[in-house]
Each structure stands twice: as C-alpha cells, then as structure tokens.
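Quick notes on the structure that follows.
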Amino acid sequence: MDQAIIEMINISKKYKLKTGYFNKKTHFIEAVKKVNLSVMQKETLGIVGESGSGKSTLGKLLVGLEQPTEGTIVDYSQASQLKSNTKPVHKQMIFQNPHSSLNPKMSLKEILEEPLKIRGIKRQQREENMKGLLEQIGMSQKYLSYRSREFSGGQKQRIAIARALAMEPSIIVADEPVSALDVMIQGQILNLMKDIQANLGLTYVFISHDMAVVYYMCTRVAVMYLGEIVEICDCDTIYSNPLHPYTKLLIASVPNEKEGLSLKVIEKNETLNYYNDHNGCPFELRCAVANELCKTNIPKLQEVEPNHFVSCHLTKKMD
Amino acid sequence: MSNILEIKSLNVHFRGNKGIFVAVDDISFEIKKKEKLAIVGESGSGKSVTAMAIMGLLFSNRKAIISGQVIYSGKNIFELSKKELQTLRKSDLSMIFQDPVMSLNPVFTIGQQLVEAYIMSKKQSKKQANDNAVKQLEKVGILDAKNVMHLYPHQLSGGMCQRVMIAIALASNPQLLIADEATTALDVTIQAQILKLLDDLHHREHNSLMFITHDLIVAKLFTDRIIVMNEGRMVESGRSIDVYDNPLHPYTKLLIQAVPTLGKRKRLHSIPKELDSSFDRKQGCQFYERCNFRQSKCLNERPSLRLIDKEHAVACHFCEEIKDGSSNY
C-alpha cells in the first residue's frame, strides 16, 4: 500500500493560447503548475476541483496522453511492455462521455479485440479473454455483435471499462466516469468499478467534481485549484477536518441532509484571470480569511498533520 | 393559496418506429402561487416532456400526440393561438433549458441574445436593455459581464453558458419559472450560487418555480413540494420533507439510495432500466419489472395515486406493507 506506483515530480503543463486581433497575441495557460504527487499502489486517489482546475490535464499527464512541459514522471511499476513499442500499457483511461469515446461504427467485439491484438494475443486466447472481460462487466455474450451505437449510456461506459481492462492495466485513470450518466446508472458503474478493484487489485485515479461520489469511491483525495494541489490527505480526514479554505468551500457547497442547503456563498467571488501574473496565493481573491501575506507570497504545500498536506499561509493560525 | 398552473390528465405520446411511445401518462397536478415545486425522476421518466408541454413547445413536433389540459390563469394553454402563447412566454412563463450550449444560438453574441430578451419582454430601449443585461449577468455571477456580452457561446464554458441561460430566463421576471436540470451540469460551488440566485429571486418577486432535477437531496432542501415521476407516471407526491424522509413508493426509495451522499459509504443500490423495454405497460404497474416487492396484483392492475397522509399521495398497491415490513432497499 505504501509503495508508490507513479510519482510526479514538479510537473507543469502549459498550453499556448492565441488571442487578440488576428490571433497576434500569444498567451500561455498553465493548466498544471509544479505539481508533486505520488500515486500509491492499490489505492483510489480522488482528484477534485472545479471545472478549469486542471484535473483532467493531470489525468492525461498521468496516462501519458499529454507530455509535461516541465518535470518528470517516474513509473515504478514492473508492468508488461509492448513488444514493438516501448509505451507502457499498464496505464489506461476511462473517459467522461462514453457516447463520444467509443466509435459508434465498431461492434463490441472489435472494440474489445483491438487492445488484445495490440498485446499480441493469439486468436483463440482472445476469444477467451473477451468472455472473461464480458463477465467482469456483467454483460451477456450475445451483445458481441452489436455496434456500440446500439448500447445505452450505462452499457457504453461498462464497455469502456472493459476496453481499459483488456490491456490488463495496473492503474486506471477515470476522468469523470459517471458525470455524463443518469443517477441509476451512476450507482451501478461505481459499484462495478469498486468490485473490479477488489478482484484485480487495481489502482485508480478518480477524477470528479462530485464530492459525494469521491467520498464513496476514494481512499485519498487531492484538491486542485487553478492547476495546483491545495490540499491532499486521506478521504475521511478531508471531509471531517478540511483545512484549506477552498476545500471548506467545496464541502460546504454540497447539499447536505443535516445542515441544509448552504446558501451563504462567499461574496468575493472572483476567479483569477488566467493571463494575470499574480504573485500571491491563487485562492486569495475568493478567500474569506485572506490577509496581506496571501497577496504577496505563494503558499507551499506543507505537512500540517501526519499525511495531511495543505498549501495555505493560515492553516496553523486557524486552529 | 391559489393555483397559478393546473395540469389536468396530461398525456404526451410520441409516434416512433416501433409504435407509440408513452412519454407522459395521465398526469395531473397543480402549482400554487409562490410555491417551489420539484419534479424528480431518472432520465426517461418524462420530466422534461412535461415541462415542454406546459411551455407549449411540443406543438411543432409532428410526432407528439398531446391530450389533456394545462390551465394558466384561467386559460388552457393548448387552446391559445401561436401569438397568445408567445405573449405568455414573453412575460409570464419562462424556462431554463437543460443543455445550455445547445440552447444558445451560436451565431449571436451573448449580449445580442440577452438584450433581445429584455426588449421583447419589457419593451425597453436598446440602451436600457443593455444596462439591464449587464446587471443581470453580474447577478448570476459572471465577473466581467461587459466583456462577456461581446463573446459568442462557444467561447464560454458550460457553466457560464448555463448562467447566461438563467439570465435570459429571468429577464422577464416570470410568474412561473421552469428550471429543467438547471444545475446538473455545474460544479457544486456554482450550483450553490445558482440555487441562491433562484432563492433570492423567489423571495423578492414571489414567483413560482418548477424545479426539475434527479437529485432528491437538492429537491428536498430547496423546494416545498416534490413530485416523483417514473416512466411517465406520477408515483409519489407530497411535501418535500415527507417524501425524502419517509418515502413510500419503492421507486422513491431506490432513487434515494442510488445516489452517494457525503458521510455514508454504504453500497449503492441501483436497478437500471433494461435497454429493450417493452412498449406495453398499460395494464399493470410501470415499475413492476424493477420492483423488489412485486406481486401478481401489480402485473394486472395499474395503481392509482391515493392519499396516504396529509398531502402525501402515492401510486402503489402495497406501500403500507412495504413501509411496515423489512425493507430490502
């Protein structure tokens, strides 16, 4: 459990953005800023944050779909490497919208067979592997000839999970896997993902903006704000004792049975302009307790309690 | 409290390739003045179609067969002419649509679309409308509203588009606002903002709100009354607290337990609809196939909505037994 499977060291990702008259101005958006993060074996690491906080970019960097502008990603797992290609295949991704991440023309068989072919598995063995995969996602074999457009949203997402499993990964990055699905199907997919993890001993990185879903799924949670990790600790602590003001805001915004609907939204509600060179804490403009120090100094991620990292100048004083 | 809107045995059927699909099946309810009403159900339960029928948006759909009455201030909406309906939508009825990116016109700027709403509903001058539009955008939490006025929908994020949609819907200070999954696509922090905005508006203008959602917790906390729909039928209705804390219909129970909540890590229960659903459900209970408590009576006899408690009605033959006996859900 305590062994890291992937470690990100000082990872940054910048995107070029052209604006202005005839796109003459070039800006850089720093989607991920100097993130240090390690994913432990067999854990479910949740990444939460608002839209635009860089969660998805971080996920793509983890899988290798994007290359970091700065920093290194160290991969500790001893997983199988491809024969011809040296790209590691033990990292797989499940995407947000199954309607657009599956090719509507391909049949279920083709979808599941492709990764098996890439792994260089013989035909007979492939058939058996596919049977096993279908069993894992709880779908009958009669669907093998169906095209993916014929499936419902929940079935499509299950197929996406099976496709990821076909590579026999050790780590799966799930980027908002249930946010495009209906309530009933959402529960089913979450349960399925939990069962598969229990059976195969997988590591999950679970990206979501839904705090309740993250609480249900994860063992450890990282909170992101504007490309930076502002708080990271295990799941129960983050909900019982959130320390960063942004985490507090996130948790207070969740409709809660006991406390009722939190309608006291912070008055100062300015998001930092992306192009702005801001020297202070990124959350300062929205923070209710910010002081002078926050305007001038960027806080660093510090261990406040054992295994509880917060990047805020005020955490110690707040207690 | 008098009623602002009455719906009497509304039916909406769609002609499809495989026969007639019953989207809304004999629904009757009313919305009182100043009331916040929630309509809850999973996708495909007929929530949105009900809302669209109320707004008179299904007339142009040739595949829709509508019957029943929707009465707004003494007039049946289905009998109004196109022009009368338009006047009604300009001033009294307003709707926030589910998919904000699809609902905004991609070739007009946010400003043009918002200003149009002001000019149409309040007959303001262009300058006045412009000022109001900027103010409205600021109210829904868009920061540099003046710049956003010149942007096109594709330049905004989904959350921003949703807020623009809400601003447009609120332009006319409607008597009845229908919010169709208005906060579903948004982050929690923005959802809280939007709910606060709707709440403020409700306190200020005393309008009625029909809030369509699949999230029972939000419905309980935000609204006065909940109607639960399943496959086009009303299965339960009552005061929000009663429905959430003491659900009677097995479907409502399932709906509550399918959603993860903070602080609980109990395994989720969900029985999704199967893909190949049969079209013949006229005889029995529409929930029969998915119900854990089904009996032979449920197959042959359609349960009608009956009053169990004060204001708490349910359409289930055996809800008392389920309530007393040990619940599987």
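Below, chains carry the letters A, B, ... as their sequence lines are ordered, and counting in each starts from 1.
Atoms OG and CG, from A:S240 and B:L262 in turn, are 11.5 Å apart once rounded to the nearest 0.5 Å.
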Exercise for the section: Could you give me the CA-CA distance, side-chain angles and deciding distance for B:H269 and A:N191, then say whether side chain to side chain contact (heavy atoms under 4.5 Å, CB included) is met? Expected result: CA-CA 9 Å; B:H269 274 282; A:N191 285 341; over 6 Å; no

Practice task
Test A:Q188 against B:L268 for side chain to side chain contact (heavy atoms under 4.5 Å, CB included), laying out the working first.
Solution key: CA-CA 8 Å; A:Q188 194 197 24; B:L268 302 173; over 6 Å; no

Practice task
Check the pair B:R267 / A:D195 against side chain to side chain contact (heavy atoms under 4.5 Å, CB included), numbers first and verdict last.
Solution key: CA-CA 11 Å; B:R267 196 174 164 83; A:D195 292 343; 3.0 Å; yes

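Around atom CZ of B:R239, no more than 12 heavy atoms belonging to other residues, nucleotides or ligands sit under 6.0 Å away. Atom NZ of A:K109 has 12 or fewer neighbouring heavy atoms from other residues, nucleotides or ligands inside a 6.0 Å radius. In this structure, A:E135 places its CD atom where only 12 or fewer heavy-atom neighbours from other residues, nucleotides or ligands lie under 6.0 Å away. Counting heavy-atom neighbours within 6.0 Å of B:I241 CD1, excluding the residue itself, gives a total of 12 or less.
Qualifying salt bridge (Lys or Arg N to Asp or Glu O under 4.0 Å) partners for A:D234, counting only residues two or more places apart in sequence or in other chains: none.
For the pair B:R265 and A:Y216, the cation-pi criterion (under 6.0 Å, within 45° of the ring axis) is not fulfilled.
At least one side-chain heavy atom of B:P260 sits less than 4.5 Å from a side-chain heavy atom of A:Q186. Considering only heavy atoms from C-beta on, A:I185 stays 4.5 Å or farther from B:E42 through its side chain.
Residue contact with chain B, scored on non-hydrogen atoms closer than 4.5 Å, involves the backbone and the side chain of A:L250 alike.
Looking at A:D182, its side chain does come within 3.5 Å of a backbone N or O of B:S43 through a donor-acceptor pair.
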